[in-house]
Each structure stands twice: as structure tokens, then as C-alpha cells.
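Order of the sequence lines fixes the chain letters, A, B, ..., with proteins taken first and strands second; residue numbering starts at 1 for each chain.
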Amino acid sequence: MAASGGGGRAIRVLNVAEKPSVAKTVSGILSRNQGLRMREGRSRYNKIFEFNYTIQGQPCQMMFTSVTGHLMEMEFEGRYRKWHSCDPVDLFEAPIRKHVPEDKLDIRKTLEEEARKCQWLVLWLDCDREGENIAYEVVEVCLNVNSRLNIWRARFSSLIDREIHQAAQQLARPNQLFSEAVDVRQEIDLRIGASFTRFQTMLLKDAFDFNFSTDGRNLILSYGPCQFPTLGFVVERYWEIQAHEPEEFWKIQCSHTTDEGTANFNWMRGHLFDYTCAVLLYEMCVEEPTATVTKVKKQEKLKYPPHPLNTIELEKRASRYFRMSSEQTMKIAEDLYQSGFISYPRTETDSFSTRTDLHILVQEQQEHPVWGPYAQRLLDPSSGLWRNPSGGGHDDKAHPPIHPTKFSAGESRWSEDHKKLYELVVRHYLACVSQPAVGAETTVEIDIAGEMFSALGRTIVAKNYLEVYRFESWGGSLIPNYTFGQQFTPTSLTLESGITRPPPLLSESDLLDCMDKAGIGTDATMHDHIKKLTDRFYAIKEGSHFKPTNLGEALVMGYDDMGYELWKPYLRSMMEEDMKAVSIGNKRKDDVLATCLQQMKACFLDARVNKTKLFQALEIFFDRTNRTTGGDDQHNHAQQLVRKCDVCHDSDLVLRKKPDGKFMIGCSGYPQCRNVIWLPGSISEAVVTTTVCNICTPGPGFMIQFTFRRLEIPPNFNVHHLGCVGGCDDIMRQLIEMSGSGQRNTSSAPARGRGIAAPSRNDSRNNNTNNQQQQQATCSFCHQTGHNSSDCYSLTSQNRSARSQRVNSNNGDSPIPCPTCGSLCVLKTANTESNRGRKFYSCQTQGCKFFVCWEDSVPTTRGGGSGSATTTSRRGGRGGGGGGGQGGGDVRFVSATGDPVSGRSCFICGDPSHFANVCPNRGMRN
DNA sequence: GCAAGGTC
């Protein structure tokens with residue numbers, strides 16, 4: 001700002017902060033606590049501080065008060081606020097207004113009273129987009145009562161003396177673009193949220209018998225651009241788990257024990273899914289069990305302490321360490337903050353400003369009976385324990401990372417959760433300013449009969465931060481000393497089996513991570529979105545993991561079947577990009593609003609036309625009620641007879657109008673008879689006439705006079721149509737097909753499970769024809785019935801390519817390209833007692849685990865007796881989950897058809913009474 | 001009775 005000339009009469013300045021605590025702190029800093037007075041405002045939380053200050057030579061009489069976040073809310077005007085006052089689609093254009101809600105009126109009153117007395121208004125809101133928007137809300141209120149106000153913006157990124165004084169001396173103007181970006185978000189959120197929520201709720205709430213208790217609450221099937229993608233994450237993981245098919249795998253384990261300890265060597269192939277391959281390799285190892293050390297690598301490893309704590313990390317860690325919900329964490333953190341024990345808990349920042357005095361914070365903790373001694377050592381330069389914390393690269397420019405602000409050895413009023421959370425904040429802070437843990441790691445690799453194994457030994461040289469951060473550990477294991485070229489005989493060498501496991505349900509920590517990565521919600525709201533899922537009966541929490549309810553799954557399924565990704569995070573990400581463009585002036589507010597709302601309205605209309613998908617999805621889980629219309633429907637017309645029901649031959653098909661204004665024809669014998677004919681969503685009126693169709697049987701079938709909405713049907717169709725729903729009417733049939741509706745299949749309930757992880761438009765779970773075809777199919781690959789080769793269990797993308805390479809280009813002697821890593825696989829011949837002469841391909845690249853048996857020489861284990869080479873090994877499990885957990889289990893001998901083989905003797909000792917996996921001599925052979 | 005964002 002320009003200098004205002006010094007020395008004149010003091011001007012009165014109204015200063016407004018985003019929250020009471022900032023008003024208090026900034027007042028303290030600016031006044032240097034000299035002559036600082038406090039008086040009550042109209043709101044009990046928002047006090048007014050008074051002091052004198054000089055801005056660029058201009059004496060100022062400062063009045064410093066605050067708001068509590070947003071002062072205003074956006075809402076629909078008058079008649080659009082009632083749910084049944086309008087068609088939900090009208091909410092995309094309905095007039096909206098920003099207004100001060102009831103519970104903020106007292107704050108407005110304070111602002112008005114103070115603004116009248118002042119010449120300047122200085123806005124001390126947080127320096128982010130929301131803060132700028134709140135600034136304009138304050139401006140609007142103040143200008144209303146004093147249009148001559150000179151308006152300034154103070155920009156500061158932390159509550160540090162120098163920065164606050166600097167902000168006061170370098171006042172600027174508020175940034176309109178930042179504020180407009182928030183206006184865009186608010187309007188889009190409101191219009192999309194309200195329209196879809198009303199649509200879903202009115203469509204489905206009374207149409208199904210939701211078999212869960214709502215605890216007396218009104219059931220609302222809400223939609224929101226943050227809550228739905230959050231639900232999407234939960235459902236997607238659930239589907240991934242359901243789609244998982246366990247697979248058995250095999251691996252060779254080797255251990256070696258000496259006086260110095262035990263080394264457990266892991267097979268560098270990981271595990272193989274093919275039993276024959278695994279046995280073949282295992283036998284080779286057992287035949288020539290001498291291990292040769294091929295590599296010994298010793299190095300120092302550091303384990304670094306975590307970055308300074310921000311909100312998401314606090315929530316994730318409290319969930320992991322204490323199983324505390326993010327909602328509870330924030331509630332407790334807020335309480336600790338309010339009582340002055342920790343810093344502001346809603347922050348994205350994970351690095352400390354260089355101006356923060358980090359030592360003072362440690363000094364305060366020296367007295368603590370448990371971690372006090374550690375704090376003392378930290379402060380002792382001779383300990384060498386101190387380290388300036390590294391930052392995680394996030395900075396909201398408004399708040400520091402969460403850290404302790406006041407010492408406490410535990411307050412009497414604290415709950416267990418208070419104690420845990422305070423301890424986490426303190427220990428985390430102490431860890432941040434500590435040296436990393438130091439370990440000495442030894443990696444040893446050995447070769448047994450050409451197979452590679454590796455073992456890792458670690459000793460912790462210095463625990464450092466791990467001493468105070470008890471929530472983390474660093475496993476260490478001592479292994480014997482090895483030298484390059486050394487040979488030894490393993491103590492045990494076993495072939496073990498396991499099965500792949502699906503990934504777990506999403507934990508709260510996982511969910512926060514998904515949201516954070518996808519930009520769903522803000523650090524201050526993420527826990528609200530998670531809680532909303534349980535409040536709306538969309539998900540339940542099992543321990544610390546989230547599982548979708550039938551309702552949550554059905555809603556996502558419905559939209560997925562429509563082909564919409566409303567439950568995916570992309571919509572929010574696009575909005576976020578647009579907001580950013582508005583805030584930097586690359587896009588205009590009105591353009592973004594118009595484009596986004598136009599797209600969402602088209603999507604809404606389309607969803608409404610395709611609402612049968614939602615019905616079908618919900619029917620998988622819930623019974624229909626006979627309340628096909630909402631009980632509070634003002635537009636409910638009398639039912640009109642169309643014809644006799646052709647399914648139950650007992651009741652009548654009747655025309656009804658539903659609460660959302662749409663028409664349907666259903667059997668009056670519902671729920672005993674569920675025959676229903678869905679009509680196009682483009683109908684605005686429908687009246688059964690007395691005209692009888694003379695084509696359709698059984699008669700009489702009364703024709704219906706339809707009126708369609710012009711914009712929702714193709715131009716070549718007439719808006720008025722006297723139609724028949726008995727099957728003779730091509731126009732009706734075409735319109736129904738266009739809207740994706742049709743008569744529901746009443747013969748059987750759709751299959752409930754879905755075997756997919758990825759979104760599918762055309763999956764066959766509701767398609768009986770597909771299922772029948774599947775059951776009759778014979779796989780051309782494994783020759784088993786019940787599936788086609790495209791779905792063959794034995795056929796992943798990897799072994800598909802292996803197969804085609806084998807068939808197309810190889811006669812069995814020359815190297816083949818490795819389907820896994822692209823390198824070469826060479827043909828080898830086994831030379832063990834039981835497998836002598838058998839040929840197999842093995843990839844030459846170290847670390848690549850591709851391995852395939854050659855069909856002429858080895859029988860297959862899967863896929864029947866065709867002799868096809870299905871014996872391809874595979875790496876890892878599905879879904880990138882690292883192959884899942886590993887179960888124990890016995891080694892079984894299996895035949896080419898997969899049946900256990902009897903009469904086979906142990907290949908280690910030859911005893912027919914047992915198999916090699918339980919052979920007493922299996923550990924070793926001399 | 002709807003959203004998400006502030007904050008108490």
C-alpha cells in the first residue's frame with residue numbers, strides 16, 4: 001500500500017480474522033501486549049481486541065475481531081427450497097443467493113456495529129481460496145453499512161511476529177479471482193448435490209423395503225461430489241476382493257543355522273503357480289543341495305523419522321496406531337487445540353518454517369516422566385541426536401505442522417484418547433527433530449543347483465528417533481557371517497505351498513490416502529465425508545476397515561451400469577482444475593459454471609431416463625414395496641387400468657405416476673406379481689383412453705394418450721402419441737429402447753455376486769442367457785467345460801503370450817523371448833533322478849522368474865489330459881498386491897487332471913508311506 | 001430432508 005502520510009489523527013481500523021484464536025494472537029503480536037484491551041462482541045466466541053498501532057506512519061486505533069469460517073451460505077431461493085416444490089432438474093438453473101445463516105447473525109451484527117465506526121477494513125483471513133472468499137463475505141456485510149470503507153488485505157503465512165508486522169505494513173487488496181473460484185465450487189456443489197440427492201431419494205426411498213434400521217432418522221439417499229467418490233473407493237475395493245480367486249502357489253524355502261544364528265533364505269523366483277515346475281526345481285536342489293555364496297553385500301541403512309505432522313497424517317497415524325476414527329481424532333485434536341496443548345490441527349503443512357524456534361518446543365517437554373529424558377538428550381549438543389526436520393513438501397501458507405504448544409504430563413479431565421493423541425503429537429515432534437535410525441544390513445545370495453536364494457540380516461546400530469517414536473519399529477535379525485565362494489549345506493530345504501489372498505478391505509488410513517491422492521475433500525473435511533458414508537448407511541466400519549452396505553454397493557452399481565463415473569473421483573478432479581484456472585484468471589467464472597452445470601444437467605437427465613438401472617441394482621439386494629410412489633407425493637394420480645396382467649393372469653396392469661413425475665405400468669397384484677412395464681422418461685403426460693387395441697392379445701388392452709417432452713425425444717417423433725404397450729406399437733418400442741428401459745425380467749432374481757473388479761458396462765450378472773451359454777461352453781485352451789478360453793482360469797495375459805509364442809515360432813530347441821521381461825529363455829534339461837530328461841525353459845535374466853515346462857516332456861498339472869502346455873509360472877498375485885498372504889500347507893502330489901496321486905513314493909527317501917513334504921530327511925541329504 | 005467448505 002502507499003504511505004498514508006504520517007502523524008495525522010488516528011484512524012479507526014476494523015480488522016477481521018477467520019477465527020477467534022487468530023484475532024487474539026495477531027492482536028497480541030501487533031500490540032506487543034501493550035495497552036491491549038478485550039471486550040465482548042455480539043457472539044460469545046468472537047471477542048473484540050483494541051490497541052493502538054501505526055501503519056506506515058499512520059496512527060491507527062485498531063479494533064480486531066473475527067468470524068468463524070464462512071459467514072455466509074449459499075442456498076436456493078424461496079420456493080425451490082421445498083423438496084416437492086419443483087422438478088429436481090430445475091435446481092440446475094433455480095435462482096440462488098448467499099445469505100448469513102441464523103447462527104451467524106450475531107457475528108454479522110458485531111461486524112456491522114464496528115464497521116460503522118471505522119474508516120478502514122483490514123482482512124486477516126487465511127491465505128487460501130476459501131479465506132479470500134470469506135474476506136469478500138465480510139466486505140459485503142461491512143460495505144452494506146459503511147460504503148466509504150477503505151478495504152485492505154493482510155497476507156501472512158504464519159503467526160510469527162516479524163511476518164505479522166510485515167503483513168500489517170504491506171497491506172494489499174483482496175484477490176477477487178480467488179474468491180470467484182470458491183463461488184464456482186459452492187454453486188456447483190449445491191446444484192449437483194441437491195438435484196441428485198432429491199432425485200435418488202424420491203425415486204428409491206419408498207420403492208424398496210430397506211431392511212436396516214435408520215434409528216428413527218429420515219432416510220436420505222444423498223449424492224455429493226466428495227461423498228460418492230469416497231463411497232466409490234470402498235465399493236471398488238470390495239469388488240476387488242469378491243473377484244479374487246485364490247490360487248495355490250509353491251516356493252522353496254531354505255534355512256541355514258550355525259552357532260552365529262539362523263539365516264532364512266528366500267527363493268529369488270518368489271513363488272511359482274505351477275506345481276510340476278516347482279517340484280522339478282525343488283528336486284534339482286535336493287539332488288545337489290550344496291549352497292555356494294555368490295554375493296555378500298554389507299551396507300549402512302538409514303531409517304528416517306517421519307515428516308512433521310499435518311492433518312491427514314495425524315488422522316492416518318491415529319487410525320493405524322490407536323484404531324481411532326478420523327472423526328474422533330479431529331474432535332479430540334480440536335479440544336487439545338482449544339485448550340492450548342497442541343497447535344492448530346487443520347493444516348496441510350508438513351514442514352516447519354525456518355523461523356520457528358524448534359528448540360523451545362523440546363525444552364518444554366524435558367519435565368515429562370516418560371519422554372523427558374529423551375528431550376533432554378536432544379537438547380544436549382554432545383549427544384548428536386538433534387537434526388533439523390526435513391519437510392514433506394506441503395505448505396498451506398497458513399498454519400505450521402501440528403506440534404505441541406504446551407507441556408502436560410496428562411490433565412485430569414483428559415480421556416484416554418486425549419492422552420494418546422497428545423502423546424502422538426509430542427513423540428512425533430520429538431522424532432522429527434531427531435537423527436534417523438542407523439542399521440547395518442547384510443544381503444547374502446546363494447546358489448543351489450542353479451537356483452538363487454537370498455537372505456537379509458540387519459542389526460540396528462543406533463535407534464535414535466525410534467527410541468522416542470514407539471509407534472514404529474525396524475525389525476532386525478542376526479545372520480551368520482558368510483564369505484564369497486563359501487559353500488555350505490543348508491539346514492533345511494523345503495517345498496512349501498501357499499494360496500494367494502485378496503487385498504483387505506480399505507482401512508480408514510487407506511481411505512484417507514485414496515482421497516488425498518485423488519483430491520477428494522480438504523484436510524479439514526475428509527473425515528466428514530468418511531463419516532457421511534456411515535451416517536447415510538452406505539458403508540459400515542468393521543474394526544478399522546470399511547465395507548459397503550447393500551445400499552452403498554447398489555447405488556454405485558446402478559450408476560456404473562448406466563455407464564457413469566459419478567462415483568469416481570474424476571469429476572471432482574476436473575472441478576478442482578477448473579477452479580484453479582478461475583483463480584489464476586485462465587478461465588472465466590461464468591464460463592466454467594455454465595459448462596460444468598450444462599454437462600451435469602445432461603448427465604442428470606440421462607440418469608433419470610436410465611433410472612431402471614438403479615432399480616435393477618437395488619432389486620438385487622432389497623425387496624420392492626408396493627409403495628411405488630412416495631407417501632407424500634402431491635402428484636399421485638389414481639391408477640388407471642391398462643389391461644389384464646399377462647404374467648399372473650390374475651390382477652391388472654395399471655398406469656401410475658410416481659413421485660418424481662414419471663410414469664410406469666405395473667401389476668396391481670404386487671408384490672405377489674412383479675410384472676412391470678417401464679415407460680420412457682420423456683413422458684410428460686399419460687392418460688389411459690377407452691380405445692382398445694385390436695392387435696394385441698389377450699384383450700382388451702386400452703391405448704394410452706402420451707405427451708412427450710419435445711427436447712427429450714428425437715425431432716422426427718411427435719410429442720403426442722396414442723400408444724399401446726402390448727407390443728404392437730413400434731413408436732413406443734423405439735422410445736423405450738432409446739431410454740434404455742424395457743419390461744423387467746420376472747422369471748428369476750439376478751445373480752447377486754459380481755465377479756469383476758474393473759467397472760463393467762456389460763457384465764453378465766443379470767444375463768441368464770450369457771450364463772447358460774457359459775455353462776455349455778468348452779474351453780478351447782484347457783478343454784474343460786463351463787467357460788470359454790477367454791475366461792480360462794489357467795490363462796493370464798502372461799501365459800497367453802507364452803502359448804502363442806510356443807505355438808507360432810518354436811520347435812522346442814531354440815531360445816524363446818521371455819513373456820515376462822522380454823529377455824531370452826533358454827531350454828534346459830533336468831538331470832535329477834526323478835526328472836531326468838525333462839525339458840524346461842528358464843529366463844536367463846537374474847531376478848526374472850519366468851519358467852515354463854516343455855509340453856512334450858512334462859505332463860501338465862492343470863487343464864486336463866490334452867497335453868497342452870499350461871504349466872507357465874507366474875509372478876506375484878493379482879491386482880499388484882504382491883501376491884497376497886501366504887498360507888501354510890502341505891505339498892501334494894497331483895496328477896495331470898489335478899487329482900491327488902496315490903501310490904507315488906517320496907522322492908527323497910523312496911518311502912511310499914509319505915510324500916517329500918513331510919519326509920524326515922527332507923531337510924538334508926549328505 | 002439436499003452439497004462442501006469454513007469453524008465453535
Side-chain angles (χ1 to χ4, degrees), chain A residues 17-23 41 43-47 66-76 80-86 88 90-92 94 96 98 100-101 103-104 106-107 125-126 128-138 179 181-203 205-206 214 216-230 330-331 333-335 337-339 344-346 396 398-399 515 519-529 531-532 535-536 566 571-572 575-576 579 600 604 630 632 659:
Chain A
E18 189 161 320
K19 41 192 161 280
S21 62
V22 172
S43 147
R44 57 183 285 227
Y45 299 111
N46 306 83
K47 316 288 183 193
S66 55
V67 286
T68 46
H70 276 288
L71 183 59
M72 295 182 168
E73 268 178 16
M74 199 172 262
E75 66 168 15
F76 293 109
Y80 294 92
R81 288 209 287 276
K82 286 238 184 291
W83 275 45
H84 291 284
S85 63
C86 65
D90 296 342
L91 298 178
F92 283 95
I96 48 172
K98 274 187 103 171
V100 180
D103 61 340
K104 300 282 174 74
D106 46 5
I107 297 177
L125 287 307
D126 291 356
D128 52 24
R129 286 202 302 245
E130 295 294 334
E132 214 65 21
N133 191 264
I134 300 170
Y136 277 88
E137 293 171 358
V138 173
S179 174
V182 173
D183 288 337
V184 170
R185 178 199 55 75
Q186 288 179 336
E187 186 170 338
I188 292 173
D189 284 346
L190 176 65
R191 292 190 188 279
I192 296 177
S195 56
F196 274 90
T197 300
R198 289 187 194 179
F199 160 66
Q200 285 184 171
T201 307
M202 294 195 290
L203 179 71
K205 188 181 81 158
D206 291 323
T214 57
R217 278 182 289 155
N218 216 354
L219 184 65
I220 298 169
L221 305 180
S222 64
Y223 173 85
C226 285
Q227 52 176 275
F228 240 58
T230 307
M330 291 314 288
K331 210 169 118 193
E334 179 68 27
D335 200 33
Y337 162 67
Q338 290 296 334
S339 44
Y344 188 68
R346 286 180 287 273
D396 61 15
H399 308 285
M515 296 169 76
I520 300 298
T522 66
D523 52 288
T525 60
M526 281 184 192
H527 67 274
D528 286 334
H529 302 312
K531 181 164 184 292
K532 190 146 275 176
D535 286 351
R536 295 280 189 241
L566 290 172
L571 174 66
R572 194 67 185 175
M575 280 169 60
E576 186 61 36
M579 277 194 292
M600 285 311 295
F604 178 89
D632 52 355

How is [X] classified with respect to the nucleic acid when contacts are heavy atoms under 4.0 Å: base, sugar-phosphate, or nothing?
| X | answer |
| --- | --- |
| A:D103 | nothing |
| A:R185 | base |
| A:R572 | sugar-phosphate |
| A:T201 | base |
| A:K82 | nothing |
| A:E334 | sugar-phosphate |
| A:Q200 | nothing |

Taking the six-membered ring for Trp, are A:F199 and A:F604 parallel (under 30°), tilted (30 to 60°) or perpendicular (over 60°)?
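Because their plane-to-plane angle is over 60°, the rings of A:F199 and A:F604 count as perpendicular.
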How would you list, by chain and number, every residue that makes a ring-ring contact (aromatic ring centres under 6.0 Å, His included) with A:Y136, sequence neighbours excluded?
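Applying ring-ring contact (aromatic ring centres under 6.0 Å, His included) to A:Y136 gives none.
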For A:Y337, which residues count as a ring-ring contact (aromatic ring centres under 6.0 Å, His included) partner, sequence neighbours excluded?
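Counting only residues at least two positions away or on another chain, A:Y337 forms a ring-ring contact (aromatic ring centres under 6.0 Å, His included) with A:Y344.
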Can a side chain N or O of [X] be found less than 4.0 Å away from OP1 or OP2 on [N]?
| X | N | answer |
| --- | --- | --- |
| A:Y344 | B:dT7 | yes |
| A:T522 | B:dG6 | yes |
| A:K104 | B:dG6 | no |
| A:Q227 | B:dA3 | yes |
| A:R536 | B:dA3 | yes |
| A:R346 | B:dT7 | yes |
| A:S222 | B:dC2 | no |

Measure from the side chain of A:C226, starting at C-beta and using heavy atoms only, and say which of B:dT7, B:dA3, B:dG5 lies closest.
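Within the option list, the nearest is B:dG5.
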Counting neighbours of CZ on A:R44 that are heavy atoms of other residues, nucleotides or ligands and sit closer than 6.0 Å, is the number greater than 12?
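At most 12 heavy atoms, drawn from other residues, nucleotides or ligands, come within 6.0 Å of this atom.
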5′-ward residue of the pair A:N46/A:L91 relative to DNA chain B:
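Closest to the 5' end, via its nearest nucleotide, is A:L91.
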Value in whole Å for how far the C1' atom of B:dG6 lies from NE2 of A:H529
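Distance check: A:H529 NE2 to B:dG6 C1' gives 12 Å.
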Are A:W83 and the base of B:dG1 stacked, counting only ring centres nearer than 5.5 Å and planes tilted under 30°?
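Stack criterion met.
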